[in-house]
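So the structure is just underneath, and the comments pick up after that.
The shown structure was predicted, so the numbers you read here are calculated from the model rather than taken from an experiment. Counting starts at 1 for both ligands and their atoms, in listed order.
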Amino acid sequence: MDLFKNETPAIQEILPDVWLLKSIALQNEAIILQDLESVILRAPLRHMMTPMGFAMSAAMSNCGDLGWVSDRKGYRYDVIDPNSDKLWPSMPDSFMQVSKQSAYLAGFKNFVPDACLINQYKVNASMGLHQDKNEADFNQPIVSVSLGLPAVFLFGGLLRSDKPHKVLLAHGDVLVWGGKSRLNFHGIMPVKASQNAALNTHSNPYLKNHRVNLTFRKAG
Ligand code: MD6
Ligand code: FE
C-alpha cells in the first residue's frame, strides 16, 4: 500500500519532541474508517470506571495484543476485553500502517505498536490532564490519530500545575510524541459541536457529531 503517493505531508515539531502531521491520516481515510467500524462491532465502545468510581467521559475500546483498561482496581493493559472475556480484536493493517509511518516520519524508525486505544467523544466530552505511564518503555513514542470533530489538545509539563499549551487537532491529524515530552501531562478540552465547516474534511455522518482518537503504543 502506498500511503503517501507523491506528496510529502507537512510535519512540524510544535513543541520539544512533539510532532504534528497535518491531515496525514486522510490518505487512508476510507479503509481506516471501515476498519474502525469493524473493531468497534467486535469490541463495543464503553464508559470505563476510574479507580475513584467515576464513569469516564470518553467511551473507549481497544484493538491489538494489549488493551488499556480502567476499573476500581486501577489502570493497566490487559490482553482480554473484560466485557467479552475474549482477546481484543487484532490491529487492522491500516491502523498499523498509519501509526508506523507517522512514527517513522517523526524519527522513531522502529516503532511497532501492540496496543491501540480508541476514545470516542460526544459533544461536551473531555479528558482531564493525565500522564501516560502504564507502558513498559518510555523510549517508545505515542502516536495519536484524530478523526471527526476537531478538539483542543492541552499539552502541559511534567507537573500537573504547569500551564498547558493548546493544540488544535482536526480530522486526519496525527500527533507523535516521545523523548523529553513523553511523560508530560495532557488532556482534551470539552469537544464542541461543529462550527468551522472547513475542519470537516469528511462526509461521514457519525464523524460530524463525534471525535474519535486512536492512540497507538508499544505498551508491553
Ligand atoms: C485524545 N489522547 O486525544 C486523548 N495521550 O483523545 C491522549 O490521552 C494521548 O493523544 C498520549 C499521547 C497522545 C494522546
Ligand atoms: Fe494520554
Check: So which of the N, O or S atoms of His130 lies nearest the Fe ion (ligand 2)?
Finding: NE2
Next item on the list: Determine which of the N, O or S atoms in Asp132 is closest to the Fe ion (ligand 2) and give its atom name.
Entry: OD1
Next item on the list: Would you kindly say whether Tyr206 and Glu37 are connected by a side-chain donor-acceptor distance under 3.5 Å?
Entry: no
Margin query: Under 3.5 Å, is there a donor on one side chain and an acceptor on the other for Asp132 and His130?
Written below: yes
Notebook entry, point to check: For Tyr104, does the OH atom have more than 12 heavy-atom neighbours from other residues, nucleotides or ligands under 6.0 Å away?
Noted result: no
Margin query: Surrounding NZ of Lys166 (heavy atoms of other residues, nucleotides or ligands, distance under 6.0 Å), is the total greater than 12?
Written below: no
Checklist line | Reference residue Trp177; test ring pair (Phe, Tyr, Trp, His ring centres under 6.0 Å); the match among Phe108, Phe155, Phe111 | finding: Phe155
Any idea which atoms of ligand 1 are less than 4.0 Å away from a heavy-atom of [X]?
X: His130; value: 8 (O)
X: Arg211; value: 1 (C), 3 (O), 6 (O)
X: Asn119; value: 4 (C), 6 (O)

Margin query: Taking the side chain as everything from C-beta on, heavy atoms only, tell me whether Leu36 gets closer than 4.5 Å to Val212.
Written below: yes
Note to self: Tell me whether Leu175 reaches ligand 1 (any heavy atom closer than 4.0 angstrom to a ligand atom).
What the structure shows: no
Note to self: Check whether Phe185 forms a cation-pi arrangement with Arg160 (NZ or CZ under 6.0 Å from the six-membered ring centre, at most 45° off the ring normal).
What the structure shows: no
Margin query: I want to know if ligand 1 touches Trp177 in the polar sense, i.e. an N/O pair below 3.5 angstrom.
Written below: no
Margin query: Judged on heavy-atom distance to atom 12 (C) of ligand 1, which of Leu169, Asn213, Ile142 sits nearest?
Written below: Ile142
Margin query: My understanding is that we take every heavy atom of each candidate and find the minimum distance to atom 7 (C) of ligand 1. Doing that for His186, Met60, Gln120, which one comes out nearest?
Written below: His186
Nearest-neighbour protein heavy atom for [atom], which is reported as residue plus atom name and distance:
atom: atom 4 (C) of ligand 1; result: Tyr121 OH, 3.5 Å
atom: atom 13 (C) of ligand 1; result: Ser144 CB, 3.6 Å
atom: atom 11 (C) of ligand 1; result: Asp132 OD2, 2.8 Å

Margin query: Let's go through Leu21 and Asp173 carefully: what are the C-alpha distance in whole Å and the side-chain angles of both, what is the deciding distance for side chain to side chain contact (heavy atoms under 4.5 Å, CB included) to 0.1 Å, and is it a yes or a no?
Written below: CA-CA 6 Å; Leu21 292 80; Asp173 292 351; over 6 Å; no
